[in-house]
Amino acid sequence: MSSKRAQRYWLMKTEPDGFSIDDLARRGREPWDGVRNYQARNFMRDEMKPGDGVLIYHSACATPGVAGIAEVASDSYPDPTQFRRNSKYFDESSRPDEPRWWLVDVGFVRKLDRLIGLDELKALPALEDSPLVRRGNRLSVLPLTAAHWRAILAQEKKNP
DNA sequence: GCCAACGTTGGC
DNA sequence: GCCAACGTTGGC
């Protein structure tokens, strides 16, 4: 396999009441549709590449935190829901010849042995510079450094 | 359910 | 281009 660039790392949020790591495990692979934030869109459209590592984060739930590992499973392509009039993600001002919203497919890798809660993440010195643990952070797709990735996954083997 | 933080919209 | 109003996210 020839790789033109080093693997990158990302974190993607999902609300488990709507779509959880278990749903991803069942389906194996899922188009990450419905993202309607320009910064998150730019990451998916311009920077994510197949094979990149993804941490799946459960948000807006009883215990928010990192729940599993996935990978970028496709190149980016236009989010089809933006053109579906009956979709809640429909965007009437987006044009098929110039799509506004883009996505990637996400492939399941594995569920973590245990959920690594936000309280734990906040306590990790390695994550001090990540927007993930900053108050008021609303970005649903964000980049991680290799150090962030390692620090988060190292927690899996530790007692909370 | 509350509310702080943030992004987006639209009037001017 | 500014900024107030509004809508949404997300932790608690």
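This structure is a prediction, so every number in the text was calculated from the model and none was measured. Every chain is numbered from 1 and lettered A, B, ... according to where its sequence line falls, protein lines coming before strand lines.
- The backbone N or O of Asp22(A) lies less than 3.5 Å from no partner atom in the side chain of Lys111(A), so there is not a single donor-acceptor pair.
- No donor-acceptor distance shorter than 3.5 angstrom exists from the side chain of Gln82(A) to the backbone of Ser94(A), with no hydrogens or angles considered.
- Of the possible donor and acceptor atoms, none in the side chain of Arg29(A) sits under 3.5 Å from a partner among the backbone N and O of Asp105(A).
- A ring pair (Phe, Tyr, Trp, His ring centres under 6.0 Å) check over residues 46-93 of chain A, counting only residues at least two apart or in different chains, returns nothing.
- For Trp102(A), the ring pair (Phe, Tyr, Trp, His ring centres under 6.0 Å) test picks out no residue, with sequence neighbours left out.
- Contacts between residues 12-25 of chain A and DNA chain C, counted as heavy-atom distances below 4.0 Å, involve Lys13(A).
- Within the 3.5 Å criterion, the main-chain N or O of Gly51(A) finds a donor-acceptor partner in the side chain of Gln7(A).
- In terms of modelled atom types and a separation under 3.5 Å, the side chain of Asp79(A) and the main chain of Leu103(A) share no donor-acceptor contact.
- Pairing each heavy atom of Pro50(A) with each of Asp75(A), the nearest pair is CD-OD1, 3.3 Å.
- Protein chain A contacts DNA chain C over a range whose 5' and 3' limits, counting nucleotides with an atom under 4.0 angstrom from a non-hydrogen atom, are dG7(C) to dC12(C).
- Looking at residues 58-66 of chain A, you'll see Ser59(A), Ala60(A), Pro64(A) sit with a heavy atom under 4.0 Å from some atom of DNA chain C.
- Every residue two or more places apart in sequence or in another chain that forms a side chain to side chain contact (heavy atoms under 4.5 Å, CB included) with Glu120(A) is listed here: Arg114(A), Ile116(A), Gln155(A), Pro160(A).
- Rounding to the nearest 0.5 Å gives a distance of 8.0 Å between CG of Asp23(A) and OG1 of Thr14(A).
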